[in-house]
Amino acid sequence: MGHKKSHRPYGWCLGALAVTIAVFAAGQLFLCVAYPRNAVGFRLEEGDAANLQGFTLQGLWRQSETAMLSFTLKDGELSTKPRLSNSESDTTWMMARCNLCVPEEDWQEVDAAAEGSYVSGAYGAYFLKTSYEGMQYNAQVTHLEAMYTLTAADGTDRSIRFSLGELETAEPVTVTAELYGEKGNQESYGYFVSAGAVQDIDADIRDVQVLSSTDQVALYIQGGNGESGGIYCVRKFCTSDEIRKQVPEVTVHGVSVPSQTEPYGSIEEVCPFEEGEEMVVCDNQENTRLRTGRWMLTQTQDGTLFLRLLDEEWRPMNRIELDTKLTAGQTVTALPAMRSDEIVFTVADETGAGKTVLLRMQDENIGMQEELALVPESPPITAGFSEDGSRIMTVQETKKELTGTVPGSVQEHYLSSQSLTEELQCSAMAVTGWQIQVYSSQNSATPVLTASLEYGLPQRWREEVWMNGIYDSERTIYLFRVIPAWQTEEAPA
């Protein structure tokens, strides 16, 4: 009796799975065996290695666009771990704009006084070219309402709009309305002007900053118009269809257009500020994180600094006055912390001089505090207390000038319209290592230990140097960064 051959439709799935496993295994084998683990070297230069006990410094070296090497210096012992980069990100890019619009109560009066002119044009190309025509109306006003719109640039078609209050300008401002026919290359709209297009406007427009656009969109809205500032969270975005249903229409010379002053979506104030208190603009805002929550700096009109501790929902936990003040021209930069219960930031003037402030938090209060002088030529990239608080570690970058010659083929590729008559010399400053210093908490003037982490040059450094020569730029090559403690499972509590 013959055997009938059976067809298994899932056989190709098993084959694909086997190929996937083989590729994954090959990648892991490369990471475990072929990756240059010794590319990061540690060297003790001066002092007793025992002074490194109680410190954990974590960093990341981007070898290429997809391969990275993470390293950890813990209690003086260096370890490395290769890994592939994760291109996925939970951060959504937000597009923001602020328009100065004619308030609803002034609409009819402004529309009646507006002067119109005929406009026409075309968009597209060749056989897809489409002409359009319409009317433009301009009016002069001094009474406006600031409307802020935030749009998610992730293809989800969602945005939110809210009012920042009404304002008076010292001089008249020109607002515009445009009406187009069915072939218009943009929708008709009512009277407004972009806040960014108005030069030297003598009016207070409340500032808005996007603090987070990950799983929860948080905003700082500056105080003004009799209202205190604070932190707000977006509770509801609206789609285009929802906006069309919710936003009423107004009339411009007999034609209905969507209102520019009708808010949509919703925001909630989660952390109101005290009267006269404003958020300090902080460079590298992404470093203002703790393991359970976040921190921010605020200031009063006399420059007094306050530390605000916030939970994961951006709600206030504590407000602590700091023994320092900001003066005109000083900037604040948040640094990645070596421990998830520590806060590090610098305060610097135009010359780069200033101080590094290091705080260790305990039960929502400051448990330890230290201020270190800031050297303009070598600002720190991180700092931290030892586990017992008896010592302080600071880390600076060491740089080296790299030089090279751009090959003719590379020049031809990027500079095809230019004559290639001579070799193109190029150079760039590159971070090639970190300098480590440890101080006693009782004496931060003289280090008790000096050491360094030194990195090899990845293959991509040559391309980075070439780009400096091709585009005549002076950018510094940064391929190494500190991993903030709140991002890692291994970080000390």
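Values below: all heavy atoms of this structure, side chains included; hydrogens, waters and symmetry mates excluded.
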Checklist entry - Is there a donor-acceptor contact under 3.5 Å from the side chain of D349 to the main chain of Q330? => result no
Item to check | R339 (side chain) donor-acceptor with E387 (main chain) under 3.5 angstrom | outcome: no
Checklist entry - Using 4.0 Å as the upper bound for N to carboxylate O, is an ion pair formed by E370 and R360? => result no
Checklist entry - Backbone N or O of V406 within a donor-acceptor pair of the Q411 side chain at under 3.5 Å? => result yes
Checklist entry - Does the side chain of T405 come under 3.5 Å of the side chain of Q425 through a donor N or O and an acceptor N or O? => result yes
Checklist entry - Is there a donor-acceptor contact under 3.5 Å from the side chain of N318 to the main chain of E364? => result yes
Checklist entry - Where does the angle between the aromatic ring planes of Y148 and F162 fall among parallel (under 30°), tilted (30 to 60°) and perpendicular (over 60°)? => result tilted
Next on the checklist: I'd like to know if R289 pairs up with E312 as an ion pair, taking the criterion as any Lys NZ or Arg NE/NH1/NH2 lying under 4.0 Å from an Asp or Glu carboxylate oxygen.
Outcome noted: yes
Item to check | Exam field: side chain T333 to backbone D283, donor-acceptor pair closer than 3.5 Å | outcome: no
Item to check | Matching residue for W61 among T80, L453, V40 - test: side chain to side chain contact (heavy atoms under 4.5 Å, CB included) | outcome: V40
Next on the checklist: For A334, is there any backbone N or O sitting under 3.5 Å from a side-chain donor or acceptor partner on N287?
Outcome noted: yes
Next on the checklist: Main chain of F385, side chain of E342: is a donor-acceptor contact present, judged purely on distance under 3.5 Å?
Outcome noted: yes
Checklist entry - Judged by atom type as modelled, is there a donor-acceptor pair below 3.5 Å linking the side chain of N443 to the main-chain atoms of A445? => result yes
Checklist entry - Do the side chains of V270 and E313 get nearer than 4.5 Å, heavy atoms only? => result no
Checklist entry - Can any side-chain N or O of D207 pair as donor or acceptor with the backbone N or O of Q222 at less than 3.5 Å? => result no
Item to check | Separation between OG1 of T398 and CD of E454, rounded to the nearest 0.5 Å | outcome: 7.0 Å
Item to check | S441 side chain to G389 backbone, donor-acceptor under 3.5 Å | outcome: yes
Checklist entry - Are Q442 and R391 close enough that a side-chain donor and a side-chain acceptor fall under 3.5 Å? => result no
